[in-house]
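Convention: sequence-line order gives letters A, B, ...; per-chain numbering from 1. Small disclaimer: the values here were computed from a predicted structure and weren't measured.
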Amino acid sequence: MNVPNPDMPTLSYHTACLLQESLKCKDLFAGKSIHGRIVKSGLHFSVFLMNNLMNFYSKTGSFSYAHSVFDEMPVKTIHSWNTLLSAYSKQGKMAEANEIFNRIPNPDSVSWSTLIVGYNQMGRFKSAIKVFSEMIKERVTPSEYTMTSVLASCAAIEALYIGRKVHSFVVKFGLSNFVSVTNSLLNMYAKSGDPMMTMVIFDRMGYRDTSSLNVMVSLHMQYGQVDLAREKFERMNERDIVTWNSMIAGYNQHGYDLDALATFGNMLRDSLLFPDKFTFINALSACANLEMLKVGKQIHACIVSMQFDINGPVGNALISMYAKSGGVHIAQKIVEHAGMSNLDVIAFTSLLDGYIKLGDIEPARQIFDSLRDRDVVAWTAMIVGYLQNGLNTDALKLFRLMVRDGPKPNSFTLAAMLSVSSSFTSLSHGKQIHAIAIRTGQASSVSVNNALITMYARTGSIKYARLVFSRIHRFRDTVSWTSMIMALAQHGFGEEALELFENLLAAGVKPDHITYVGVLSACTHVGLVEQGRRYYNMMKNVHKIEPTLSHYSLMVDLLGRAGLVQEAYDFIKKMPIEPDVITWGSLLSSCKVYKNVELGRVAAERLLHIDPENSGAYSALANLYAVCGKWEDAAKTRKLMKDGGVKKEQGISWVQIKNKVHVFGADDVLHEQKDEVYKKISKIWEDIKKMGFVPDTAAVMHDLEEEVKEQMLRHHSEKLAIAFALMNTPQNTTLRIMKNLRVCNDCHSAIKFISKLSGREIILSIVEGKMQYLFDENGKRCLDDFARNGVVWTLPSRGFECYNGTK
DNA sequence: CTAGGGTTAG
């Protein structure tokens, strides 16, 4: 304890008080003049006053003054050292802080705690924990401050195991009675995924303060138990700013944005608290989600009238709110007003996003190009922006640029790119993205894995979809289950899909409306009418999900495919919303199968009423007539279509077999015995053209492939391959050619082929089958070259692996 | 002289 100079007790105390007052109003000038008076009156020998002065300088950010005061002190106490230490750790200068710490003769618990806090503030939580363990090793008794700090480190990195150890020290040093420590324990268990322990501790607490309840509120919010959080909140008799903010943030995160705004209003009305930046950020985010421009403007007015600093996060939230709720021009004005140098990437990304939402790609791209330090988010926003506006090629181009020059893609980027692969049904592209996910360490991300399941299923590799799903068994969310159910349903494993759905229910996962799309389509594929009805009712009554058009269409499909065509039609008539093309199309195709001309005609008429140029409806109807032997009606329908100006006939090949007309859609070609179908098709190829129809794309593809394969076998495959590579061949074609080269056992051409490609393709993965022969000496050299250029190889036969040149 | 609970953009 520092006792002031006994000769001048009053003067010392009064000076210290003056310093404290100066500190309160951050008056550096006043502090400096007091400093001068201290020196003049010879008070600078008082360690007490000097420590106070150091504290003043440190808190006002004048670190160099603090340091010089320290240097001039003839006698230094542990307080002096700790104040200096705190000055450095506040600046984030941890290296210097450590140096000072090592020079302290007898560091006490405050010194150690200061170091831990310093690391925490720098986000270096592991180092903070390390400091704590060294402190214990040195047999220094921790204080309640030490515990709260180190528990915060554990909470931040969700280190449950370490947190438990720290808990044991809390007990050992008898610190359990501090509410602050117990609150920190609560928070640690809540954040590290041990809700049970959190509840146990909370129940056992003899005294709970507002903070304790705050932790519980945010625990409930974390687990999506919004109603429980609301209950706790309403029962609290004292609410501080954190309480209100937790509720507003929690509501906002779970889509209860109206509640978030209502809570914000209640806070302004019922509490004497002033909103802080978190309040504003979350309230603005709620406005943005609801696209409530007017409310957003009111909050903006509130911010302005409070003279609140709109630099940093609040300004970003404002810009984002305007950009999202149709006020891009206001957002633009704020951005212009603030000036380039005062804004960060976040502000510009929000603005960019606003333009994308309007479909204005050009200004968005201009913002993107003008950004100097673009981060992953900016890149992703631009890429997703292209995707949302249907500009897949631009998205792909930008993604390639990103992989080459930009920051590492994150799970958002990869999930988006995987959905492109799914919509392109390009397995090769999808596998490249998978390879990048592995290489950038994102392969464990739930959203990436969910997108992978869909991608593999859509590109036909149900095997890999299964593999991915089984690998994430510990981290499955609703989307994972849904994706897998959809995947199985698409591949005709209806029973398995339903089994999986039952597992989902047993696991206590909540299905959403898309899950039910998967479930109902599984029933459709297997023809389980009664099961389908049951699940449909379960959706409505148990899970309280209002059916959407997809669900209605699936029910129509389910009934129709089972031959209950009339019932399907009755179902449509009872629908509370307008049926769409898919609904009628589904009924129409059922009518085709069950040869119900009357209903089929109705369905086709209604369908064409919605979409008069729907060639599919015409050909389905024509086919229905043909199947029923009504050749004249079939021909009439064709004529009707041509008269209606419908020219597109892609996806349909008319094949004459045994004087009967069959329609081969792309699906049939893919699923039936390929060779058989292709043989038939090629025989009547010319006939189709003569009849004036456009041949099916899949058939064309196959033809091309066959031709290439034959020529490769017959001629010099290498030359041909390279010629293809130099042409602007679409990538899935090039990979097909690769496959053919493999069939010809021509690995050297394959390697050369790839080497020509790699100039164009940033990432190329060669997959499927056994590629061991690429691993001879030539192949290895080749692989090393590619690895250096960022080319990744995946070899699914050995699990998913990545070749990056290091191994 | 040191703590702890609420954190924005995709």
Side-chain angles (χ1 to χ4, degrees), chain A residues 2 51-52 54-55 58-59 66 77-87 89-90 108-118 120-121 142-153 155 178-188 190-191 209-219 221-222 240-250 252-253 276-285 288 312-321 323-324 344-354 356 375-385 388 410-413 415-416 447:
Chain A
N2 283 286
N51 284 342
N52 255 299
M54 271 179 75
N55 184 38
S58 167
K59 290 266 167 74
T77 63
I78 184 72
H79 282 71
S80 327
W81 284 101
N82 286 343
T83 311
L84 185 71
L85 186 63
S86 145
S89 86
K90 278 222 168 59
D108 64 359
S109 86
V110 176
S111 326
W112 288 95
S113 305
T114 308
L115 266 190
I116 295 174
V117 172
N120 274 355
Q121 276 161 359
S143 72
E144 71 270 28
Y145 294 112
T146 324
M147 287 310 182
T148 48
S149 309
V150 75
L151 283 169
S153 328
F178 288 97
V179 195
S180 60
V181 174
T182 319
N183 285 344
S184 300
L185 276 172
L186 276 182
N187 183 49
M188 184 275 294
K191 291 284 149 63
D209 66 3
T210 314
S211 294
S212 332
L213 284 151
N214 284 345
V215 175
M216 298 311 285
V217 165
S218 69
L219 175 75
M221 283 300 193
Q222 186 188 325
D240 63 8
I241 182 76
V242 176
T243 322
W244 290 97
N245 285 348
S246 303
M247 285 308 287
I248 298 172
N252 174 26
Q253 276 159 12
D276 67 1
K277 62 172 176 172
F278 300 126
T279 328
F280 284 130
I281 289 167
N282 290 313
L284 285 169
S285 164
V314 177
N316 290 339
L318 256 179
I319 292 167
S320 157
M321 181 276 293
K324 270 191 183 167
D344 55 6
V345 213
I346 298 173
F348 285 105
T349 309
S350 303
L351 189 62
L352 184 155
D353 222 47
I356 282 169
D375 67 350
V376 212
V377 183
W379 282 87
T380 308
M382 196 63 225
I383 291 172
V384 173
Q388 280 168 355
N410 64 15
S411 58
F412 279 91
T413 331
S447 54

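Within the nucleic acid shown, A/Leu84 has no heavy atom closer than 4.0 Å to any nucleic acid atom. If you check every strand for non-hydrogen atoms under 4.0 Å, A/Asp353 touches sugar and phosphate atoms only. Among the protein residues, A/Val110 comes within range of the nucleic acid bases, having at least one heavy atom under 4.0 Å from a base atom. No engagement by A/Gln222 is indicated, since no non-hydrogen atom pair under 4.0 Å with the nucleic acid exists. Residue-level contact check: A/Asn214 touches the bases, meaning some heavy atom is under 4.0 Å from a base atom.
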Assess the residue pair A/Asn214 and A/Asn183 against the criterion (side chain to side chain donor-acceptor pair (under 3.5 Å)); give the C-alpha distance rounded to whole Å, side-chain angles, the decisive distance to 0.1 Å, and a yes or no. CA-CA 9 Å; A/Asn214 284 345; A/Asn183 285 344; over 6 Å; no

Decide yes or no on side chain to side chain donor-acceptor pair (under 3.5 Å) for A/Asn410 and A/Thr413, but give the supporting numbers first. CA-CA 5 Å; A/Asn410 64 15; A/Thr413 331; 2.8 Å; yes

Would A/Ser320 and A/Leu284 count as a side chain to side chain contact (heavy atoms under 4.5 Å, CB included) if you check the C-alpha gap in whole Å, the side-chain angles of each, and the deciding distance to 0.1 Å? CA-CA 8 Å; A/Ser320 157; A/Leu284 285 169; over 6 Å; no

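Remark: A/Ala415 pairs with A/Ala451 by the side-chain contact (heavy atoms from CB on, under 4.5 Å) rule, at least two apart or across chains.
Taking 4.5 Å as the limit, some side-chain heavy atom of A/Ser212 sits within range of a side-chain heavy atom of A/Asp209. Here the side chains of A/Thr243 and A/Leu213 are not in contact, with every heavy-atom distance at 4.5 Å or above.
Taking 4.0 Å as the cutoff to heavy atoms of chain A, we find the contact window on DNA chain B bounded by B/dC1 to B/dG10.
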